[in-house]
Amino acid sequence: MHYWLLKSEPSCFSIDDLANRPNKTAPWDGVRNYQVRNMLRDEMKKGDLGFFYHSSCTPPGIAGIVEIVKEGYPDNTAWSLDSDHYDPKSTPDNPRWYMVDVKLIEKFPRLITLDEIKHNPKLKNMLINRKGNRLSITPVTSEEWKAIIKM
DNA sequence: GCCAACGTTGGC
DNA sequence: GCCAACGTTGGC
């Protein structure tokens, strides 16, 4: 089993938005980056756990834990003209973009901030700490996972 | 609002 | 296949 970190701007989709969905479950849609697409399509498996990270907000940080409850399937927002993520190059016959379904497992009692993560020596190699890392989903090692849930 | 660090696009 | 220009992300 693998661990992941999933970024979302809370002004767009926050952990509370996920909590308010039926069954606390929602598709992680709208990814339009090939590296992340490959992870969604090929690597993220049912039962994997992920951190729900709030980005582009004050302060950024990890808000809770989600579980992958449905493995990669075509992202149908790509062929919805109404969607902000519409992409004419992706079609139902030949989908270019993929998504998974995530379910909220736990919202942390407090946000674990990026600042705290930066100052934890066990997490100095975490991808989220790397300058210029813009991938919206990144793998997390089990050591990093354990260190964070203790914080 | 700034800007570093990428990813993508498109001319050649 | 190279690479300059452009767009996007995201912390600050």
Side-chain angles (χ1 to χ4, degrees), chain A residues 2-21 26-44 48-68 71-141 143-151:
Chain A
H2 292 102
Y3 298 104
W4 307 95
L5 181 143
L6 296 81
K7 287 185 205 168
S8 181
E9 299 187 22
S11 60
C12 181
F13 186 74
S14 73
I15 196 162
D16 290 326
D17 293 329
L18 180 59
N20 290 329
R21 291 297 184 93
W28 199 266
D29 61 18
V31 169
R32 297 295 179 265
N33 170 284
Y34 289 103
Q35 272 181 269
V36 179
R37 187 278 308 270
N38 292 346
M39 286 189 259
L40 286 165
R41 188 188 57 191
D42 305 329
E43 296 179 43
M44 299 176 79
D48 284 359
L49 297 176
F51 288 128
F52 195 120
Y53 179 88
H54 280 175
S55 68
S56 293
C57 57
T58 308
I62 296 172
I65 294 174
V66 299
E67 179 181 343
I68 311 306
E71 293 179 13
Y73 62 107
D75 181 346
N76 54 26
T77 66
W79 48 81
S80 166
L81 280 166
D82 297 336
S83 170
D84 292 339
H85 307 295
Y86 173 67
D87 180 356
K89 292 171 185 163
S90 186
T91 63
D93 288 340
N94 189 17
R96 173 173 296 202
W97 304 113
Y98 283 74
M99 58 189 178
V100 299
D101 283 356
V102 299
K103 177 175 184 171
L104 182 65
I105 299 299
E106 177 188 359
K107 180 186 174 183
F108 291 152
R110 65 176 194 91
L111 191 79
I112 297 172
T113 65
L114 179 62
D115 189 58
E116 291 176 81
I117 292 167
K118 279 184 175 171
H119 287 92
N120 185 331
K122 288 182 180 165
L123 301 175
K124 66 176 180 214
N125 292 324
M126 242 187 119
L127 290 168
I128 195 76
N129 279 334
R130 195 168 299 175
K131 204 173 181 186
N133 178 11
R134 303 177 312 147
L135 297 181
S136 58
I137 299 178
T138 48
V140 173
T141 69
E143 290 78 15
E144 291 162 350
W145 183 272
K146 286 177 201 156
I148 286 170
I149 56 177
K150 281 182 193 161
M151 290 171 74

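A note on names: the letters A, B, ... follow the listed sequences, proteins ahead of strands, and every chain is numbered from 1.
- Partners of A/N133 according to the side chain to side chain contact (heavy atoms under 4.5 Å, CB included) rule, which considers only residues two or more places apart in sequence or in another chain, are A/L127, A/R130, A/L135, A/T138.
- If you look at A/W97 and A/Y34, their ring centroids are closer than 6.0 Å.
- With B/dT9, C/dG11, C/dG10 as the candidates, the nucleotide lying closest to the side chain of A/K7 is C/dG10.
- Listed by chain and number, the residues in a ring pair (Phe, Tyr, Trp, His ring centres under 6.0 Å) with A/W4 amount to none (sequence neighbours excluded).
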Check: protein-nucleotides 5-8 of chain B nitrogen or oxygen pairs below 3.5 Å:
from  : atom 1 : to     : atom 2 : distance (Å)
B/dC6 : O2     : A/R134 : NH1    : 3.1
B/dC6 : O2     : A/R134 : NH2    : 2.6
B/dG7 : OP1    : A/Q35  : OE1    : 3.2
B/dG7 : O4'    : A/R134 : NH2    : 3.0

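- Take A/T77 and apply the side chain to side chain contact (heavy atoms under 4.5 Å, CB included) test, not counting sequence neighbours, and it matches A/D29, A/R32, A/D75, A/S83, A/H85.
- Rounding to whole angstrom units, CE of residue A/M126 and P of C/dG10 are separated by 14 Å.
- Between the CD1 atom of A/I128 and the P atom of C/dG11 there is a distance of 7 Å, rounded to whole Å.
- Partners of A/C12 by side chain to side chain contact (heavy atoms under 4.5 Å, CB included), not counting sequence neighbours, listed by chain and number: A/E9.
- Applying the ring pair (Phe, Tyr, Trp, His ring centres under 6.0 Å) rule to A/Y3 yields the partners A/W145; only residues at least two apart in sequence or on another chain are considered.
- As a whole-Å value, the separation of A/I117 CD1 from C/dG10 C1' is 14 Å.
- Put simply, CG on A/L111 is 11 Å from P on C/dG11, counting in whole angstrom units.
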